[in-house]
Each structure stands twice: as C-alpha cells, then as structure tokens.
Amino acid sequence: MMNTPFRSVTAAGNPLTHLVVTSPALRGTRPDELPATTLCGRAALEEIEDHPAEVQCPRCLDRAPAFMALPTYAVAL
C-alpha cells in the first residue's frame with residue numbers, strides 16, 4: 001500500500017468531501033491530529049474513509065499536486 005500525505009475529511013459549511021495534508025515536512029501537523037483547515041481553506045471537521053482520489057472539492061483537488069511529493073508519517077511495528 002502506498003503512503004500518502006492526504007486524508008479525506010468533511011468541512012464546515014460545505015457538503016463536499018475535502019483534503020487535508022499531514023507530513024513531517026509541514027510545521028504544525030501531526031500523524032495523530034487532523035489539520036485545522038482543508039486545502040481549500042475551510043475548517044476541517046472529521047476524517048472520513050473515502051480515498052483521497054475520490055474527494056469532491058475541485059479546489060482541494062487543484063491544490064493537491066503541490067503536496068504530492070511531501071513525505072508521509074510511517075507506522076513502525
């Protein structure tokens with residue numbers, strides 16, 4: 001399974017699904033916390049199980065390529 005810095009979320013004031021990014025390269029993000037805002041700038045509410053490729057917000061999808069090369073957090077067992 002490929003790791004990705006993206007997580008699918010719901011957002012305040014909008015029925016579409018959105019993206020947030022968590023990466024050790026981004027100050028203030030942690031693997032165990034949801035970032036405060038989506039890529040389109042809305043307040044992130046809760047993580048959902050939809051795959052990031054299925055997100056509906058066109059603005060989040062337009063901004064996603066700028067974050068695709070970021071490292072991800074890894075789980076060590």
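What's counted below: heavy atoms across the whole structure, side chains too, no hydrogens, waters or symmetry copies.
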Mind listing the side-chain donor-acceptor pairs of residues 55-64 below 3.5 Å, one per line with the distance, residues two or more places apart or on another chain?
unit_1	atom_1	unit_2	atom_2	d
Gln56	OE1	Thr17	N	3.0
Arg63	NH1	Leu39	O	3.0

Sequence neighbours excluded and cut-off under 3.5 Å, please list the side-chain donor-acceptor pairs for residues 19-32, or say none.
unit_1	atom_1	unit_2	atom_2	d
Ser23	OG	Ala25	N	3.1
Ser23	OG	Pro71	O	2.6
Thr29	OG1	Ser23	N	3.2
Thr29	OG1	Ser23	O	2.7
Thr29	OG1	Leu26	O	3.0
Arg30	NE	Asp32	OD1	3.0
Arg30	NH2	Asp32	OD1	3.2
Arg30	NH2	Asp32	OD2	2.8

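Here the CG atom belonging to Leu70 is positioned 10.5 Å from the OH atom belonging to Tyr73, to the nearest 0.5 angstrom.
Qualifying salt bridge (charged side-chain N to carboxylate O under 4.0 Å, His left out) partners for Arg7, counting only residues two or more places apart in sequence or in other chains: Glu47. Residues passing the side-chain contact (heavy atoms from CB on, under 4.5 Å) test with Thr37, sequence neighbours excluded: none. With sequence neighbours excluded, the residues forming a side-chain contact (heavy atoms from CB on, under 4.5 Å) with Ala12 are Ala43, Leu45, listed by chain and number. Remark: Asn14 pairs with His18 by the side chain to side chain donor-acceptor pair (under 3.5 Å) rule, at least two apart or across chains. By the side-chain contact (heavy atoms from CB on, under 4.5 Å) test, Glu46 is found to be paired with Thr10, residues two or more places apart in sequence or in another chain being considered.
Between Thr38 and Val9 there is a side-chain heavy-atom pair separated by less than 4.5 Å.
A salt bridge (Lys or Arg N to Asp or Glu O under 4.0 Å) check over residues 9-24, counting only residues at least two apart or in different chains, returns nothing.
Nearest approach of Ala11 to Arg42, heavy atoms of both residues: CB-CB, 3.8 Å.
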